[in-house]
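Below is one structure; the comments refer to it alone.
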Amino acid sequence: MAKSAEEENQQKAFGWAATDNSGILSPFNFSRRENGDDDVTLKILYCGVCHSDLHTLRNDWGFSFYPVVPGHEISGVVTKVGKNVTKFNIGDRVGVGVLVGSCKTCECCEQDLENYCPRIIFTYNSYNPDGTKNYGITVYSPMKYYGMTEAGKHLGVSGLGGLGHVAVKIGKAFGLKVTAISSSPQKESEAINRLGADSFLVSNDPEKMKSAIGTMDYIIDTVSAVHPLLPLLSLLKVNGKLVTVGLPNKPLELPVFPLVMGRKLIGGSDVGGMKETQEMLDFCAKHNITADIELIRIEEINTAMERLAKSDVRYRFVIDVANSLSQ
(Lines give C-alpha, C1' and ligand atoms only; values in the text may rest on other atoms or scores of the structure.)
Protein backbone atom coordinates (compact mmCIF):
# COMPACT_ATOMS: atom_id res chain seq x y z
CA MET A 1 0.00 0.00 0.00
CA ALA A 2 1.35 3.43 -0.95
CA LYS A 3 2.12 5.84 1.85
CA SER A 4 0.12 9.03 2.22
CA ALA A 5 1.83 12.41 1.87
CA GLU A 6 1.59 12.84 5.63
CA GLU A 7 3.24 9.48 6.24
CA GLU A 8 6.00 10.32 3.76
CA ASN A 9 6.92 13.34 5.86
CA GLN A 10 7.26 11.44 9.13
CA GLN A 11 10.27 10.00 10.89
CA LYS A 12 10.03 7.15 13.36
CA ALA A 13 10.66 7.87 17.03
CA PHE A 14 10.78 5.86 20.23
CA GLY A 15 10.32 6.81 23.86
CA TRP A 16 8.71 5.79 27.11
CA ALA A 17 5.19 7.12 27.61
CA ALA A 18 2.47 7.25 30.24
CA THR A 19 -1.03 6.52 28.96
CA ASP A 20 -3.00 7.62 32.04
CA ASN A 21 -2.60 9.42 35.35
CA SER A 22 -1.09 6.39 37.04
CA GLY A 23 2.09 7.88 35.58
CA ILE A 24 3.53 4.45 34.77
CA LEU A 25 5.91 4.67 31.81
CA SER A 26 6.35 1.95 29.18
CA PRO A 27 7.97 1.66 25.70
CA PHE A 28 6.16 3.67 23.04
CA ASN A 29 6.67 3.95 19.27
CA PHE A 30 5.45 7.12 17.57
CA SER A 31 6.22 9.45 14.67
CA ARG A 32 7.58 12.97 14.39
CA ARG A 33 7.45 15.15 11.31
CA GLU A 34 10.49 15.08 9.09
CA ASN A 35 13.12 17.76 9.68
CA GLY A 36 11.95 21.11 8.28
CA ASP A 37 13.85 24.08 6.90
CA ASP A 38 14.12 25.74 10.33
CA ASP A 39 14.55 22.57 12.37
CA VAL A 40 17.37 20.72 14.05
CA THR A 41 17.06 16.97 14.62
CA LEU A 42 19.25 15.33 17.22
CA LYS A 43 20.13 11.92 18.57
CA ILE A 44 19.32 12.04 22.29
CA LEU A 45 22.15 10.82 24.51
CA TYR A 46 20.98 11.90 27.96
CA CYS A 47 17.82 13.28 29.56
CA GLY A 48 17.35 14.68 33.07
CA VAL A 49 14.30 13.84 35.18
CA CYS A 50 12.52 16.87 36.65
CA HIS A 51 9.76 17.00 39.26
CA SER A 52 7.59 18.70 36.64
CA ASP A 53 7.81 15.46 34.64
CA LEU A 54 6.26 13.67 37.61
CA HIS A 55 3.53 16.30 37.96
CA THR A 56 2.72 15.94 34.26
CA LEU A 57 2.69 12.14 34.27
CA ARG A 58 0.21 12.10 37.15
CA ASN A 59 -1.82 15.05 35.81
CA ASP A 60 -1.29 16.92 39.08
CA TRP A 61 -1.82 20.25 37.35
CA GLY A 62 -4.93 19.13 35.49
CA PHE A 63 -3.83 19.71 31.89
CA SER A 64 -1.92 16.58 30.87
CA PHE A 65 -3.03 14.73 27.76
CA TYR A 66 -2.05 11.19 27.00
CA PRO A 67 -0.02 9.45 25.81
CA VAL A 68 2.76 11.72 27.08
CA VAL A 69 6.50 11.17 26.61
CA PRO A 70 8.18 13.35 29.28
CA GLY A 71 11.65 14.87 29.26
CA HIS A 72 12.88 18.45 28.82
CA GLU A 73 16.49 18.34 30.03
CA ILE A 74 17.92 16.78 26.92
CA SER A 75 21.42 16.63 25.50
CA GLY A 76 22.52 14.98 22.29
CA VAL A 77 24.20 15.30 18.93
CA VAL A 78 22.80 17.00 15.83
CA THR A 79 21.95 14.56 13.03
CA LYS A 80 20.07 16.85 10.61
CA VAL A 81 19.76 20.60 10.04
CA GLY A 82 17.30 22.53 7.91
CA LYS A 83 18.49 24.80 5.13
CA ASN A 84 17.71 27.94 7.14
CA VAL A 85 19.68 26.84 10.22
CA THR A 86 22.94 28.76 10.65
CA LYS A 87 24.03 28.22 14.26
CA PHE A 88 24.23 24.42 14.30
CA ASN A 89 25.93 21.77 12.22
CA ILE A 90 25.70 18.01 12.03
CA GLY A 91 27.79 16.52 14.83
CA ASP A 92 27.38 19.49 17.22
CA ARG A 93 26.53 18.74 20.84
CA VAL A 94 23.29 20.50 21.75
CA GLY A 95 20.71 20.74 24.52
CA VAL A 96 16.92 20.96 24.53
CA GLY A 97 15.05 22.57 27.40
CA VAL A 98 11.42 23.25 28.29
CA LEU A 99 10.46 25.06 25.09
CA VAL A 100 10.96 24.24 21.43
CA GLY A 101 8.97 26.97 19.73
CA SER A 102 7.25 30.35 20.05
CA CYS A 103 5.52 32.87 17.80
CA LYS A 104 8.71 35.02 17.42
CA THR A 105 6.59 38.16 16.89
CA CYS A 106 4.96 39.07 20.22
CA GLU A 107 6.34 41.55 22.75
CA CYS A 108 7.82 38.76 24.87
CA CYS A 109 9.58 37.13 21.94
CA GLU A 110 10.97 40.47 20.78
CA GLN A 111 12.50 40.89 24.28
CA ASP A 112 14.12 37.42 24.19
CA LEU A 113 11.51 36.16 26.65
CA GLU A 114 10.19 33.31 24.51
CA ASN A 115 9.39 31.39 27.70
CA TYR A 116 6.50 33.81 28.35
CA CYS A 117 5.15 33.78 24.78
CA PRO A 118 1.37 33.16 24.77
CA ARG A 119 1.88 30.73 21.87
CA ILE A 120 4.80 28.85 23.38
CA ILE A 121 5.36 25.26 22.23
CA PHE A 122 6.64 23.07 25.02
CA THR A 123 8.99 20.13 24.54
CA TYR A 124 6.19 17.74 25.53
CA ASN A 125 2.52 17.81 26.54
CA SER A 126 2.08 20.54 23.95
CA TYR A 127 0.29 20.69 20.60
CA ASN A 128 2.33 20.85 17.39
CA PRO A 129 5.68 20.14 19.13
CA ASP A 130 8.86 20.73 17.13
CA GLY A 131 12.29 19.18 17.75
CA THR A 132 14.70 22.13 18.09
CA LYS A 133 17.21 23.44 20.60
CA ASN A 134 17.28 25.01 24.28
CA TYR A 135 18.64 23.91 29.93
CA GLY A 136 19.96 25.65 35.98
CA ILE A 137 18.12 28.45 33.93
CA THR A 138 15.11 28.06 36.27
CA VAL A 139 17.11 29.44 39.20
CA TYR A 140 19.58 31.64 37.27
CA SER A 141 16.88 33.71 35.55
CA PRO A 142 15.04 34.90 38.70
CA MET A 143 18.30 35.65 40.50
CA LYS A 144 19.29 37.96 37.63
CA TYR A 145 15.88 39.55 37.10
CA TYR A 146 15.14 40.25 40.79
CA GLY A 147 18.65 41.55 41.49
CA MET A 148 19.60 38.66 43.76
CA THR A 149 23.24 38.77 42.72
CA GLU A 150 24.89 41.42 44.93
CA ALA A 151 28.06 39.94 46.41
CA GLY A 152 28.00 39.71 50.18
CA LYS A 153 24.21 39.59 50.46
CA HIS A 154 22.52 36.63 52.15
CA LEU A 155 20.59 34.14 49.98
CA GLY A 156 18.39 31.38 51.36
CA VAL A 157 17.69 28.41 49.11
CA SER A 158 14.54 26.56 50.15
CA GLY A 159 14.47 22.97 48.97
CA LEU A 160 17.63 21.02 48.25
CA GLY A 161 16.65 18.98 45.22
CA GLY A 162 17.42 19.27 41.53
CA LEU A 163 16.87 23.03 41.36
CA GLY A 164 17.96 23.87 44.88
CA HIS A 165 21.39 22.28 44.77
CA VAL A 166 22.20 24.18 41.57
CA ALA A 167 20.87 27.42 43.12
CA VAL A 168 23.36 26.99 45.99
CA LYS A 169 26.24 26.71 43.51
CA ILE A 170 25.09 29.64 41.38
CA GLY A 171 24.57 31.78 44.49
CA LYS A 172 28.11 31.09 45.66
CA ALA A 173 29.44 31.94 42.19
CA PHE A 174 27.71 35.34 42.47
CA GLY A 175 29.57 35.91 45.75
CA LEU A 176 26.53 35.52 48.00
CA LYS A 177 26.38 34.09 51.50
CA VAL A 178 24.17 31.03 51.00
CA THR A 179 22.03 29.19 53.52
CA ALA A 180 20.40 25.93 52.44
CA ILE A 181 16.89 25.56 53.91
CA SER A 182 15.58 22.00 54.06
CA SER A 183 13.25 19.77 56.05
CA SER A 184 15.84 16.97 55.81
CA PRO A 185 18.52 17.44 58.50
CA GLN A 186 20.55 14.59 57.01
CA LYS A 187 21.36 16.83 54.04
CA GLU A 188 23.35 19.32 56.16
CA SER A 189 26.78 17.76 55.65
CA GLU A 190 26.34 17.50 51.87
CA ALA A 191 24.92 21.02 51.61
CA ILE A 192 27.97 22.53 53.28
CA ASN A 193 30.83 20.18 52.38
CA ARG A 194 29.76 19.14 48.88
CA LEU A 195 27.61 21.94 47.51
CA GLY A 196 29.39 24.83 49.23
CA ALA A 197 26.60 26.36 51.31
CA ASP A 198 27.78 28.58 54.17
CA SER A 199 25.13 27.32 56.57
CA PHE A 200 22.14 24.99 56.86
CA LEU A 201 18.71 25.63 58.33
CA VAL A 202 16.21 22.89 59.20
CA SER A 203 12.85 24.30 58.16
CA ASN A 204 10.79 22.17 60.56
CA ASP A 205 12.90 23.04 63.63
CA PRO A 206 11.05 25.95 65.34
CA GLU A 207 14.01 27.04 67.45
CA LYS A 208 16.46 27.18 64.55
CA MET A 209 13.93 28.98 62.35
CA LYS A 210 13.30 31.51 65.12
CA SER A 211 17.01 32.22 65.45
CA ALA A 212 17.19 33.03 61.72
CA ILE A 213 14.29 35.52 61.60
CA GLY A 214 15.19 38.68 59.68
CA THR A 215 18.62 37.50 58.53
CA MET A 216 18.23 36.99 54.77
CA ASP A 217 18.13 39.41 51.87
CA TYR A 218 16.73 36.94 49.34
CA ILE A 219 15.13 33.51 49.28
CA ILE A 220 14.61 31.37 46.22
CA ASP A 221 11.92 28.77 46.91
CA THR A 222 12.31 25.62 44.81
CA VAL A 223 9.88 23.39 46.75
CA SER A 224 7.34 21.72 44.48
CA ALA A 225 5.04 20.43 47.24
CA VAL A 226 2.41 22.42 49.11
CA HIS A 227 4.11 24.29 51.97
CA PRO A 228 3.58 27.44 54.10
CA LEU A 229 5.17 30.69 52.95
CA LEU A 230 4.96 32.54 56.28
CA PRO A 231 8.05 30.84 57.80
CA LEU A 232 10.09 31.80 54.75
CA LEU A 233 8.83 35.39 54.74
CA SER A 234 9.80 35.70 58.40
CA LEU A 235 13.42 34.92 57.50
CA LEU A 236 13.67 37.98 55.26
CA LYS A 237 15.01 41.36 56.26
CA VAL A 238 13.07 44.55 55.50
CA ASN A 239 12.95 44.93 51.69
CA GLY A 240 13.69 41.20 51.32
CA LYS A 241 12.63 39.20 48.28
CA LEU A 242 11.08 35.74 48.13
CA VAL A 243 10.93 34.24 44.64
CA THR A 244 9.21 30.92 44.04
CA VAL A 245 10.02 28.64 41.11
CA GLY A 246 8.40 25.42 42.35
CA LEU A 247 4.94 24.53 41.08
CA PRO A 248 2.83 22.76 43.74
CA ASN A 249 -0.37 21.10 42.58
CA LYS A 250 -2.50 23.20 44.95
CA PRO A 251 -2.56 26.96 45.72
CA LEU A 252 -0.32 28.27 48.47
CA GLU A 253 -1.64 30.61 51.16
CA LEU A 254 -0.14 34.09 50.86
CA PRO A 255 -0.04 36.06 54.14
CA VAL A 256 -0.15 39.77 53.31
CA PHE A 257 0.65 41.17 56.78
CA PRO A 258 4.41 40.38 56.73
CA LEU A 259 4.67 41.77 53.19
CA VAL A 260 3.20 45.10 54.22
CA MET A 261 4.98 45.42 57.56
CA GLY A 262 8.37 44.51 56.13
CA ARG A 263 8.05 46.01 52.65
CA LYS A 264 8.85 42.56 51.35
CA LEU A 265 8.37 41.30 47.83
CA ILE A 266 7.19 37.92 46.60
CA GLY A 267 7.51 36.95 42.96
CA GLY A 268 7.77 34.04 40.57
CA SER A 269 9.76 33.00 37.54
CA ASP A 270 9.46 30.41 34.78
CA VAL A 271 12.67 29.10 33.15
CA GLY A 272 14.29 31.51 30.66
CA GLY A 273 14.51 32.52 27.02
CA MET A 274 17.13 31.39 24.52
CA LYS A 275 19.48 34.35 25.02
CA GLU A 276 19.45 34.09 28.81
CA THR A 277 19.82 30.32 28.67
CA GLN A 278 23.04 30.71 26.68
CA GLU A 279 24.19 33.34 29.20
CA MET A 280 23.53 30.86 32.02
CA LEU A 281 25.46 28.11 30.24
CA ASP A 282 28.43 30.44 29.72
CA PHE A 283 28.28 31.50 33.41
CA CYS A 284 28.19 27.88 34.59
CA ALA A 285 31.07 26.95 32.28
CA LYS A 286 33.14 29.87 33.59
CA HIS A 287 32.52 28.89 37.23
CA ASN A 288 32.61 25.11 36.66
CA ILE A 289 29.04 24.65 37.90
CA THR A 290 27.53 21.27 37.13
CA ALA A 291 24.59 19.30 38.48
CA ASP A 292 25.17 16.38 40.85
CA ILE A 293 23.42 13.41 39.27
CA GLU A 294 22.48 9.75 39.56
CA LEU A 295 22.83 8.11 36.14
CA ILE A 296 20.14 5.52 35.38
CA ARG A 297 19.02 3.34 32.49
CA ILE A 298 15.65 3.95 30.87
CA GLU A 299 14.17 0.72 32.24
CA GLU A 300 14.78 2.07 35.75
CA ILE A 301 12.63 5.14 35.14
CA ASN A 302 9.51 4.05 37.06
CA THR A 303 11.58 3.26 40.16
CA ALA A 304 13.30 6.63 39.74
CA MET A 305 9.92 8.40 39.60
CA GLU A 306 8.85 6.68 42.83
CA ARG A 307 12.08 7.81 44.49
CA LEU A 308 11.68 11.33 43.11
CA ALA A 309 8.21 11.56 44.66
CA LYS A 310 9.89 10.82 48.02
CA SER A 311 12.74 13.31 47.40
CA ASP A 312 15.12 10.34 47.40
CA VAL A 313 17.66 11.49 44.81
CA ARG A 314 21.07 13.20 44.94
CA TYR A 315 20.25 15.48 43.21
CA ARG A 316 19.04 14.83 39.69
CA PHE A 317 18.27 11.58 37.90
CA VAL A 318 19.71 11.52 34.39
CA ILE A 319 18.76 8.79 31.91
CA ASP A 320 21.62 7.32 29.89
CA VAL A 321 19.45 7.12 26.78
CA ALA A 322 22.08 6.09 24.25
CA ASN A 323 23.43 3.16 26.26
CA SER A 324 19.94 2.09 27.34
CA LEU A 325 18.77 1.72 23.73
CA SER A 326 21.98 0.23 22.30
CA GLN A 327 21.95 -2.91 24.47
Side-chain angles (χ1 to χ4, degrees), residues 47-65 68 70-74 95-130 132-149 155-159 161-167 170-171 218-227 229 232 241-252 254 265-281 283-284 291 308 316:
C47 183
V49 181
C50 178
H51 210 287
S52 61
D53 298 330
L54 185 62
H55 281 309
T56 301
L57 291 174
R58 297 179 176 180
N59 198 25
D60 287 341
W61 295 327
F63 50 77
S64 299
F65 57 91
V68 58
H72 61 258
E73 298 175 357
I74 298 166
V96 179
V98 175
L99 64 96
V100 294
S102 65
C103 75
K104 302 182 178 65
T105 59
C106 70
E107 184 177 359
C108 288
C109 286
E110 289 178 348
Q111 296 178 45
D112 297 309
L113 296 172
E114 302 93 343
N115 50 310
Y116 297 111
C117 173
R119 292 165 58 191
I120 188 173
I121 301 173
F122 293 105
T123 307
Y124 67 85
N125 199 50
S126 186
Y127 289 99
N128 189 32
D130 297 22
T132 50
K133 60 258 174 202
N134 187 10
Y135 221 114
I137 188 64
T138 305
V139 291
Y140 179 88
S141 181
M143 291 173 72
K144 291 282 289 187
Y145 177 77
Y146 288 101
M148 302 162 68
T149 60
L155 169 71
V157 177
S158 179
L163 294 178
H165 90 286
V166 174
I170 290 177
Y218 326 119
I219 295 176
I220 186 161
D221 183 6
T222 70
V223 177
S224 58
V226 175
H227 60 289
L229 295 177
L232 296 178
K241 302 173 184 178
L242 168 63
V243 179
T244 180
V245 295
L247 289 169
N249 60 352
K250 294 180 181 179
L252 302 183
L254 178 61
L265 178 151
I266 185 166
S269 182
D270 179 33
V271 296
M274 300 296 292
K275 181 179 179 180
E276 192 173 43
T277 298
Q278 186 61 58
E279 178 186 314
M280 178 274 300
L281 288 170
F283 179 87
C284 289
L308 179 61
R316 201 61 146 192

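Side chains included, hydrogens not; waters and symmetry mates left out as well; all remaining heavy atoms used.
With rounding to the nearest 0.5 angstrom, the CG atom of L99 is 6.5 Å from the OG1 atom of T123. Taking CE from M148 and CD1 from I170, the interatomic distance works out to 11.5 Å, rounded to the nearest 0.5 Å. Put simply, CG on L252 and CG on L229 are 5.0 Å apart, with the number rounded to the nearest 0.5 Å. Rounded to the nearest 0.5 angstrom, L247 CG and D60 CG are separated by 11.0 Å. Taking CG from L57 and OH from Y124, the interatomic distance works out to 6.5 Å, rounded to the nearest 0.5 Å. The CD atom of E279 sits 3.5 Å away from atom OH of Y140, with the distance rounded to the nearest 0.5 Å.
In this structure, K241 has no salt bridge (Lys or Arg N to Asp or Glu O under 4.0 Å) partners at least two apart in sequence or on a different chain. The side-chain hydrogen bond (donor to acceptor under 3.5 Å, both in side chains) search around N115 returns none, not counting sequence neighbours.
For the pair I220 and A167, the tightest heavy-atom approach, listed with the atom from each and the gap, is CG2-CB, 4.2 Å. Residues V68 and T56 share a closest heavy-atom pair of CG2-CG2, 4.1 Å. When all heavy atoms of M143 and G171 are compared, the closest pair comes out as CE-CA, 3.7 Å. Of all the heavy atoms in S224 and H55, the pair that sits closest is O-NE2, 3.6 Å. Nearest heavy-atom pair, C47 versus I74, reported as atom, atom and distance to 0.1 Å: SG-CG1, 3.8 Å. Considering every non-hydrogen atom in both S64 and N59, the closest pair reads N-OD1, 2.9 Å.
No side-chain heavy atom of R316 sits under 4.5 Å from any side-chain heavy atom of V166. Between H72 and C50, the closest side-chain pair of non-hydrogen atoms falls below 4.5 Å. Between Y116 and C106 there is no side-chain heavy-atom pair separated by less than 4.5 Å. No side-chain heavy atom of Y218 sits less than 4.5 Å from a side-chain heavy atom of V243. Residues L232 and S158 form a side-chain contact, since some pair of their non-hydrogen atoms from C-beta on lies under 4.5 Å apart.
A donor-acceptor contact shorter than 3.5 Å links the side chain of Y146 to the backbone of G268. A donor-acceptor pair is defined here as one N or O able to donate and one able to accept, closer than 3.5 Å; such a pair exists between the side chain of E114 and the backbone of M274.
Surrounding OH of Y145 are at most 12 heavy atoms belonging to other residues, nucleotides or ligands under 6.0 Å away.
Sorted by first and then second residue, the side chain to side chain donor-acceptor pair (under 3.5 Å) pairs involving residues 101-113 (not counting sequence neighbours) are E107-Q111.
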